[in-house]
Amino acid sequence: MTSATPAKLPRVVLSSVVRSAYEGESHGGVYLVDLSSGSTEQILDWNDPTIDWEGRGGDRGLRGIAFHGDSLILAASDEIFFYDRHLALQGSVRNPYLKHCHEIFVAGDTLYATSTGFDSILELDLTTRRFVRGYTLRFGPLWRGRRRLRLRPRPTFSVFDPDGHDGPEPGDSAHINNVCVQDATVYVCGTGLGTVWAIREGALHRHAHVPYGSHNAQPFHGGVLLNHTPSDRIVHVSRRGRELATFPIVHYEPSELEHASLPQDKARQAFGRGLTILSDDLFVGGSSPATVTAYRFDPPQVIDSINITKDVRNAVHGLAAWPFDR
């Protein structure tokens with residue numbers, strides 16, 4: 001630690017997804033990591049026998065993490081779970097338009113959930129636990145080659161009632177997997193968008209260019225901070241997409257890893273996903289095999305890195321500061 005780094009970093013909570021797991025094996029969980037002491041604790045083991053095992057990721061594992069009052073909120077593929085601070089399950093909600101949920105975000109009394117399987121963001125009123133609004137960002141078949149051609153077209157945009165019957169058909173044209181809210185603006189990104197889109201007053205606005213394949217993109221210091229997953233880095237880019245700063249993701253010697261012989265499209269090390277900002281100068285990123293790394297923003301610097309397991313299949317997904325120590 002440097003003299004500019006706080007003497008005590010907080011605990012963070014993360015969810016993990018175990019890729020290429022077999023039936024009967026744990027396929028993810030929730031962990032508490034103390035960034036100061038380096039200690040780790042698994043607080044939930046997600047092992048549901050009803051999970052659909054088809055496909056690469058599909059319904060397995062817990063994804064997004066958020067907090068509201070005394071509640072810990074965890075997202076699975078098509079269900080949002082509510083726990084109290086002692087990890088007692090308090091209930092859950094579903095919606096016909098929630099499928100392959102990834103990240104979630106709480107602003108005030110509203111939870112925003114990515115519904116990747118419907119190219120949508122859903123709003124959940126946390127006081128009533130009812131879904132009240134949905135936003136769809138979708139590309140038509142003419143734009144299937146946009147990533148190869150390095151084009152960033154504008155998706156079609158619509159607002160719908162998640163409790164109604166006129167919402168979007170199932171589909172994943174943009175792989176929307178990240179949402180955050182700042183100053184009453186909803187920011188949306190995903191690996192297939194190439195853009196951070198801003199939703200304000202029911203209209204869609206282009207906020208920033210970002211690399212295709214990015215995860216966890218969020219406005220920060222006048223630009224965007226994101227996991228540039230294809231290059232094994234966290235990067236800070238300008239709103240025009242120019243790289244301003246870069247932060248390395250930890251790599252391990254292959255001989256240290258478990259299940260390292262799996263194809264990289266199934267599981268690989270240094271797959272960056274999960275990103276939480278602690279302050280103007282501190283943030284934490286996640287990667288596989290289940291690792292969290294604390295960074296100083298300026299100048300770019302790794303403060304510390306903590307590994308939970310060397311099983312390369314075990315990948316960090318959601319990541320947030322643990323609020324119940326305050």
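Reckoned from all heavy atoms, side chains included, excluding hydrogens, waters and symmetry mates. Quick caveat, the model's predicted, so the values are computed rather than measured. Numbers here are sequence positions counted from 1.
The ring pair (Phe, Tyr, Trp, His ring centres under 6.0 Å) test applied to F157 returns no partner, not counting sequence neighbours. Taking the ring pair (Phe, Tyr, Trp, His ring centres under 6.0 Å) definition, one finds that F105 meets it with nothing, sequence neighbours left out. Contacts of S71 classified as side chain to side chain donor-acceptor pair (under 3.5 Å), with partners at least two apart in sequence or in another chain: none. E256 is linked by a salt bridge (charged side-chain N to carboxylate O under 4.0 Å, His left out) to K310, counting only residues two or more places apart in sequence or in another chain. Listed by chain and number, the residues in a side chain to side chain donor-acceptor pair (under 3.5 Å) with T40 amount to none (sequence neighbours excluded). With sequence neighbours excluded, the residues forming a ring pair (Phe, Tyr, Trp, His ring centres under 6.0 Å) with F81 are W46, listed by chain and number.
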Without placing hydrogens or testing angles, list every side-chain donor-acceptor pair under 3.5 Å for residues 178-192, not counting sequence neighbours.
residue : atom : partner : partner atom : Å
N178    : ND2  : A217    : O            : 2.7
Q182    : NE2  : P219    : O            : 3.2

Using residues 195-205 as the side-chain source, report each donor-acceptor pair under 3.5 Å to any protein atom, sequence neighbours left out, with the distance given to one decimal.
residue : atom : partner : partner atom : Å
T195    : OG1  : R206    : NH1          : 3.4

Evaluation steps, side chain to side chain contact (heavy atoms under 4.5 Å, CB included), between L14 and V30:
CA-CA 6 Å; L14 66 92; V30 179; over 6 Å; no
Working note: H215 + F271, criterion ring pair (Phe, Tyr, Trp, His ring centres under 6.0 Å); need CA distance, chi angles, decisive distance, verdict.
CA-CA 10 Å; H215 288 88; F271 187 97; 5.6 Å; yes
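Between atom CG of residue N307 and atom CG of residue D311 there is a gap of 10.5 Å, rounded to the nearest 0.5 Å. For the atom pair CD1 (I308) and CG (N314), the distance works out to 7.5 Å, reported to the nearest 0.5 Å. From L275, atom CG reaches atom OG of S214 across 11.0 Å, with rounding to the nearest 0.5 Å. Distance check: D84 CG to L72 CG gives 9.0 Å after rounding to the nearest 0.5 Å. Note that CG of D232 and CG of N227 are 10.0 Å apart. Values are rounded to the nearest 0.5 Å. Separating the CG atom in D34 from the CD1 atom in I306 is a distance of 7.0 Å, to the nearest 0.5 Å.
Nearest heavy atom pair, residue A76 against residue C101, reads O-CB, 3.4 Å. Minimum interatomic distance between I234 and G285 (heavy atoms only, all atoms of both residues): CD1-CA, 4.0 Å. Annotation for L62 and V17: closest pair O-CG2, 3.6 Å, computed over non-hydrogen atoms. In terms of heavy-atom proximity, A320 sits nearest to T276 at CA-OG1, 3.9 Å. Taking both residues in full, the closest heavy atoms of V224 and A208 are given as CG2-CB, 3.7 Å, listed atom of the first, atom of the second, then distance. Among all heavy-atom pairs drawn from Q42 and G29, the shortest one is NE2-CA, 3.9 Å.
In this model, a donor atom of one side chain and an acceptor atom of the other lie less than 3.5 Å apart for R233 and S231.
The closest side-chain heavy-atom distance from V292 to L319 is below 4.5 Å. Taking the side chain as every heavy atom from C-beta outward, D281 and D298 approach each other to under 4.5 Å. Counting heavy atoms from C-beta on, the side chains of L126 and V106 come closer than 4.5 Å. T291 is not listed as a side-chain neighbour of V316, based on a closest heavy-atom distance of 4.5 Å or more. Side-chain atoms of Y31 and V13, non-hydrogen and from C-beta on, never get closer than 4.5 Å to each other.
Side-chain atoms of S288 never come within 3.5 Å of backbone atoms of A290 as a donor-acceptor pair (strictly under, hydrogens ignored). Between the E253 side chain and the S255 main chain, no donor and acceptor come within less than 3.5 Å of each other.
For residues 233-258, the pairs satisfying ring-ring contact (aromatic ring centres under 6.0 Å, His included) are H236-F297, F247-F283, F247-Y295, with sequence neighbours left out. Residue pairs meeting the side-chain hydrogen bond (donor to acceptor under 3.5 Å, both in side chains) criterion with at least one member in residues 163-172, sequence neighbours excluded, are R130-D163, D172-H175. Residues in residues 101-118 take part in these side-chain hydrogen bond (donor to acceptor under 3.5 Å, both in side chains) pairs, two or more places apart or across chains: R63-H102, H68-D109, H102-T116, E103-N216. For residues 139-157, the set of pairs meeting the side-chain hydrogen bond (donor to acceptor under 3.5 Å, both in side chains) definition, not counting sequence neighbours, is empty.
Between F160 and Y97, the gap from one ring centroid to the other is short of 6.0 Å.
Note on D78 versus R94: salt bridge recorded, some NZ/NE/NH1/NH2 to OD/OE distance being below 4.0 Å. The pair R85-D70 counts as a salt bridge, with a side-chain nitrogen and a carboxylate oxygen less than 4.0 angstrom apart.
Screening Y83, F82, F324 against F67 for a ring pair (Phe, Tyr, Trp, His ring centres under 6.0 Å) leaves a single residue, F324.
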